[in-house]
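Position 1 is the first residue of the sequence, and the numbers go up from there.
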Amino acid sequence: MEFCENWWVVAVRELLDLVESDGNPKVLARMMRPQATPAQVKHALEILQRLKLIEKDPAGIWRKTQAVLTTGELAADAIDTFRKDTMRLATEAIDRFPREDRSISTLTVTLSPATFERLRDRFRHLRREILDMASEDREADRVIQVNIQAFPLAIAERGGTS
């Protein structure tokens, strides 16, 4: 779960797909949005190497050891912290990036528990499809954070009226 404790660890791992890096923390930190510190990047590389999620190739360039990595449906405090951090980053992205560089939308709808479960299932399929798209993209030039959320804003009380 150390992998998910800080958003920049995940982002550094993905960034290594975009640039050939020998691990210079200053160079990698400058590419991050928001900008990470060189110390954060250095720590991220140490974590990723220790967890065997990256390794240096014969030329000394950091490479991911697995193309796609997912936590699945695993529930853990570190993953929840990661989710909170990326939701905060999404909120900040409204001011950080012009509309053409982001996609943020919202819906407020009424659903039954059964329809909500159908929605959750669609999200699972969408996540898999996005991972497939990412693994097939040979022209990627940015690390994109995708957040998908659905949560109650209100729940009707059954059996009584006021």
Side-chain angles (χ1 to χ4, degrees), residues 1-107 119-151:
M1 295 301 90
E2 189 177 16
F3 172 66
C4 295
E5 284 180 349
N6 296 296
W7 67 267
W8 57 84
V9 176
V10 177
V12 166
R13 180 181 176 275
E14 293 305 310
L15 183 56
L16 296 176
D17 262 353
L18 302 181
V19 296
E20 294 206 343
S21 174
D22 62 1
N24 183 326
K26 289 180 183 176
V27 172
L28 294 174
R30 280 196 311 264
M31 293 182 210
M32 310 280 287
R33 303 291 184 272
Q35 190 169 329
T37 67
Q40 288 170 325
V41 171
K42 183 176 186 286
H43 185 63
L45 291 169
E46 291 166 356
I47 290 169
L48 294 167
Q49 182 181 26
R50 186 172 60 256
L51 296 175
K52 298 184 180 356
L53 298 175
I54 62 171
E55 63 188 7
K56 284 198 172 185
D57 69 10
I61 303 300
W62 284 110
R63 304 282 182 202
K64 293 178 3 182
T65 57
Q66 301 172 52
V68 175
L69 182 66
T70 179
T71 59
E73 294 298 315
L74 182 64
D77 289 342
I79 294 170
D80 285 343
T81 298
F82 176 77
R83 290 175 177 149
K84 289 175 187 176
D85 285 348
T86 59
M87 284 187 241
R88 178 186 49 79
L89 291 171
T91 300
E92 294 170 3
I94 292 171
D95 297 323
R96 184 176 293 121
F97 299 103
R99 288 182 190 274
E100 60 271 10
D101 289 341
R102 58 180 166 82
S103 177
I104 298 174
S105 61
T106 62
L107 296 171
L119 177 65
R120 288 171 43 114
D121 189 54
R122 293 294 305 260
F123 285 171
R124 282 188 284 274
H125 289 288
L126 178 59
R127 287 192 304 264
R128 282 189 216 111
E129 186 177 336
I130 292 168
L131 288 172
D132 289 344
M133 290 168 53
S135 67
E136 295 167 1
D137 191 347
R138 300 296 173 241
E139 297 180 27
D141 68 346
R142 60 199 67 203
V143 176
I144 300 293
Q145 178 64 40
V146 179
N147 293 346
I148 304 169
Q149 295 108 218
F151 52 88

How far does [atom1] of [X] sit from [atom2] of [Y], to the nearest 0.5 angstrom?
{"X": "Arg13", "Y": "Trp62", "atom1": "CZ", "atom2": "CH2", "result": "13.0 Å"}
{"X": "Asn24", "Y": "Lys42", "atom1": "CG", "atom2": "NZ", "result": "12.0 Å"}
{"X": "Lys84", "Y": "Ile79", "atom1": "NZ", "atom2": "CD1", "result": "13.0 Å"}
{"X": "Leu126", "Y": "Asp121", "atom1": "CG", "atom2": "CG", "result": "11.5 Å"}
{"X": "Phe123", "Y": "Ile130", "atom1": "CZ", "atom2": "CD1", "result": "10.0 Å"}
{"X": "Arg83", "Y": "Asp85", "atom1": "CZ", "atom2": "CG", "result": "12.5 Å"}

- Query: Just wondering, are more than 12 heavy atoms of other shown residues or ligands nearer than 6.0 Å to CZ in Arg63?
  - Reply: yes
- Flag yes if more than 12 heavy atoms outside Glu100 fall under 6.0 Å of its CD atom; otherwise flag no. yes
What's the shortest heavy-atom distance between [X] and [Y], and which atoms?
{"X": "Ala90", "Y": "Ile104", "result": "O-CD1, 3.6 Å"}
{"X": "Leu18", "Y": "Ala140", "result": "CD2-O, 3.3 Å"}
{"X": "Glu5", "Y": "Ala78", "result": "CG-CB, 3.9 Å"}
{"X": "Ala11", "Y": "Val143", "result": "O-CG2, 4.1 Å"}
{"X": "Phe82", "Y": "Trp7", "result": "CE1-CA, 3.6 Å"}

Evaluate the side-chain proximity of [Y] to [X]: yes if any heavy-atom separation is below 4.5 Å, no if none is.
{"X": "Leu69", "Y": "Val10", "result": "no"}
{"X": "Gln145", "Y": "Leu89", "result": "no"}
{"X": "Cys4", "Y": "Thr81", "result": "no"}

Validation: residues 25-34 side-chain donor-acceptor distances under 3.5 Å, sequence neighbours left out:
from: Arg33; atom 1: NH1; to: Arg30; atom 2: O; distance (Å): 2.8
from: Arg33; atom 1: NH1; to: Met31; atom 2: O; distance (Å): 3.2

- Item | Under the side-chain contact (heavy atoms from CB on, under 4.5 Å) test, residues paired with Gln149 that sit two or more places apart | Met87, Asn147, Phe151
- Message: If the condition is side-chain contact (heavy atoms from CB on, under 4.5 Å), which residues does Thr91 pass it with, not counting sequence neighbours?
- Response: none
- Task: Apply side chain to side chain donor-acceptor pair (under 3.5 Å) to Thr37 and list each qualifying residue two or more places apart in sequence or on a separate chain.
- Result: Gln40
- Item | Contacts of Arg102 that satisfy side chain to side chain donor-acceptor pair (under 3.5 Å) - sequence neighbours left out | none
- Has the side chain of Asp57 got a donor or acceptor atom that lies under 3.5 Å from a matching backbone atom of Ala59? yes
Please set out all donor-acceptor pairs under 3.5 angstrom arising from side-chain atoms of residues 48-56, sequence neighbours excluded.
from: Arg50; atom 1: NH2; to: Glu2; atom 2: OE1; distance (Å): 2.8
from: Arg50; atom 1: NH2; to: Glu2; atom 2: OE2; distance (Å): 2.5
from: Lys56; atom 1: NZ; to: Asp22; atom 2: O; distance (Å): 3.3

